[in-house]
Every structure is written in C-alpha cells, then in structure tokens.
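Just so we're clear, the structure is a prediction, and the values are computed from it rather than from any experiment. First the proteins, then the strands, lettered A, B, ... as listed; each starts at 1.
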Amino acid sequence: MNQPTRPENILTFDEPAVLETRSLSVFYGSTKAISGISLQVPRGEVVAIIGPSGCGKSTFLRSLNRMNDLVPGARVEGDVLYGGASIYGAGVDPTDVRYRIGMVFQRPNPFPKTIYDNVAFGPRVNGVKENIEEIVEHSLRRAALWDEVKDRLKSSALDLSGGQQQRLCIARCLAVRPEVILMDEPASSLDPIATQAIEALIRDLAQDVTIVIVTHNMQQAQRVASVAAVLMSDERRVGELIEYGPVDQIFGSPRDPRTEAYVTGRIG
Amino acid sequence: MARSDFDRHLGQLEADVILLGSLVESTFYTALEAIRTRDKALAEKVKTDDDLIDEQRRSVQHACVELIRREAPVAGDLRRIVSAWDIAGELERMGDYAEGIAKIGIMLRDQPGELDIRTLPGMADRAVGMLKHALEAFLERDEKRAVELAQRVESQDEEVDRMYADLRKKLINEMRNNPDFVETGTYLLWAAHNIERVADRSTNIAENVEYQVTGRMSNEH
C-alpha cells in the first residue's frame, strides 16, 4: 500500500481552477487525517471524491469551505485557494467563505421552519431585503422542487419527504448564489427514485455551479461526475490522493493499481 | 456477492471460454477430415458440434450478462467480462467456418478416393496454433506476458495470409490448365478462405486480450 503517487496520475488543468488545494493536510489534535493533497477543481465540472471508509474524504471536503473550523482541535496546513486567493488567509471571514462555497450534507437538515423561510434564510442573513420572493421561487425551481411545493410554501419543511428535504437544502444553498457546492453523500439516505432526482439535479446544476461530491456509490460517481479523485489511507491511516483524472480513466483504465483494486472491490 | 464469489464466477466464465475454444479446435480438425475423406457422417458430426458451439457461446454470453447485472463491474473486471463476451462471439464464428468446410466435403462427395487437400492441413495447424496462443494470452494473469503472447499471435497472421495467397495462386493456375479441376479447385479455395478467416479471428481475440490487459483499443482487424 505504501506506494508513492506518481505526478502523472494527478490531472492538472491549464484554465484557472475555481478551487485549488496545495499540499493540504488536516489534523485533529495530534492526529493527521489527510496529508499533502494538491488538486485543482475546474470551473463548471462535477468532481467526485471517492475512496474507502476512513480515508479522509469528508475531512477533505470540509476543508474546502472551512467547515472543519467548527471541529475543536482541527488544524490545517497547506492552503485552499478560491479564485486564486487563500480561504484561510488573515481577515477572511469563514461565514463569507461558506456562502460562496455552500454545502449539502449526508442527511437533509432543513431548519424547523416553513419551506419558504428555509430558502429565504440565507439571503435575509446576508441583508437582502428586496425580491426575496423571487429568490425563493428561483431557487426552488433551480432545485426542481417548485412544482411540488408552490402551493404549500408556508408548511413546515419537516413535512416534506426525505428526497424533497434534500432538494430543499440544495435550494437553500442556491439562494445565496454560491459558485461552488460541496456535497457529502447527498443521496445516501434516499431511495433510488429520490436518488435519481438528486443526480439529475446535480447534472443540471453543473451548468452554472461547480460541484464537489463525496460518494461511496461508484455508479453514482460515474453518472454525475466528469472528474474523480481517489483518496486512500496509507499504513499510518493518513488519507492521501493517489489518483485524480477523468471518470472514464478512473473506472475504465485506472493508472494506479490501488485505484483498480478499490474500484473493482478488492480493497475497501 | 462477496469478492471471492465474484472471482469464482469470473474463473468459471474463463473456464467456459476455454471449453468453447477446445470445442472449436476439435470441430475444425473434424471438418478437415470430413473434406479429405468426404465422409458424410463426419460432416454431420461437425454440424452437431457446431450446434453445441452455438449453445456454449450463448451460455458464456448469458454468464457475462449475469455478472454485469449483479456486480456492475468496472475497470479490469469489466474489460475481462467484455472480452469473454467478444471472444465467445469470435469462437462461434470459427465454428461456422468449420461447418462450412465440412459442407464442402459433402459437395465434393462424387470425387473418387481420398482428395488431395494440398496445404490445407498446414494452414489449419497454424491457424489453430494462433487460436491456442490467443486463448493462452486470455488466461495469462501477467500483463507483460499476456501482451507478448497476444502480439506473437498478431505477427503469425501474416504467415497464414501468405500461405493462403500461395495456395490460391497454385489452385487458380491449375484450374486454368485443367478445366476438369475447376469445381474441386473452387471448393478447395473456399475451404482455404475459411481457414484464413480462423487466423483472422484468432488475431481479433489477441487484440481483444491486449485491450483487456492494457485498457487500450488497438485497430480493428
């Protein structure tokens, strides 16, 4: 398992990346969770992060919008650049980062408020006072939920089905017009039909939002993503990037034998 | 299905492909014997064997579909299953060539005595040798060795092509000089063509193995 990652196994792009990590390591106290990850997230693409359980996928994802700041003892080395500027730089407000780089979690987590208030929450907090109704409708339409909820916007969000709640969380995220959405296994708690709706939505959103998605579902990664990063733990249980490339390479002809072993189910 | 079960099913699939290859090989030699002796019973046996080959091809391809459906395989596993599917198809066509050769034996049944089938056995030995090496490459786990075996098969195809061209030239000359030989010569040409196609399809299998091992498609044969 202790094979060095060959640089030619890591895809790079000529165009400026919307997000870029440089030698990114994350520690929880004295424990190193991920080590030296450098990759570019190209604008307008869906990037899948895959790898065995415990390899640091979620840690990596959460470091892309400073969500790890909320974990006591978490510490970051290296850097994450958003539009070329460090999101960990002095004076950068993590809340501002999270509006630009939104996040959708594994289990839908709507606020115990009305459907309308859930979507209006972000813009209101940002001081938006006008056109809130338009923003809510636009966001719900973008999340493919409008037709299902337009007649009950004042109902509790908690009355929606799991799939609808997850699309509501995506609408809530979209309402503040992020450039990037991070998704941590967004369909893992949903049935196949609701999963299909979320996947269709991801492909549709990719037209104007960059998406980074952590998924355990290999078929899902192939269906929604154009690029995939494979993370794996080394013998010290520290996650590292072993291959980054187009999904047809990762799932068709992987360059690293560890990727082949993982995607074919021999390890993990 | 656990990984060990998957490996077991994949191993069974490979064994079924090799069994199909063995059936094709023996049917092919029976067909050559049928043309040499013009024995109707042997030709009938080739027809029955070809039905078995068709059935075995269906069985292999059904197993491929089942594995793909249950396992959603990717990468090397997927290429291996797709290769098995493709190789089964190539082998089934070779069975058809054997049946074609056996039919020629029946068409030539009015010829007295044993027929001089010229260099057909030598060509057949080389074509079947290519098939054996192509299937050996399919079974080979070592990537480098598999590619070497596959490339050796591809290089042998030229030799069979040359033998076919030589025989064709000789048969045409003989037909020009002896009109009584035209019917026999035409049928022998047909048989030689079928043997040459077996070599071509063995080359297809070898190219398929290269794709399976490396993930890179070579040019279609």
More than 12 heavy atoms of other residues, nucleotides or ligands under 6.0 Å from NE2 of B:His62: is that the case?
no
B:Glu158, CD: over 12 other non-hydrogen atoms inside 6.0 angstrom:
no
Quick check on B:Arg79 against chain A: is it the side chain, the backbone, both or neither that has a heavy atom closer than 4.5 Å?
side chain
Taking atom CZ of A:Arg203 as the centre, does the number of heavy atoms from other residues, nucleotides or ligands within less than 6.0 Å exceed 12?
yes
Give the minimum heavy-atom separation between A:Thr264 and B:Ala75, together with the two atoms involved.
CG2-CB, 4.0 Å
Shortest non-hydrogen contact from A:Glu260 to B:Asp77?
OE2-N, 4.2 Å
A:Glu15 atom CD, neighbour heavy-atom count above 12 within 6.0 Å
no
To the nearest 0.5 Å, tell me how far A:Arg266 CZ sits from B:Asp7 CG.
6.0 Å
Is the number of heavy atoms from other residues, nucleotides or ligands under 6.0 Å of B:Arg58 CZ greater than 12?
yes
Report which part of A:Gln222 has an atom under 4.5 Å of a heavy atom belonging to chain B: side chain, backbone, both, or neither.
side chain
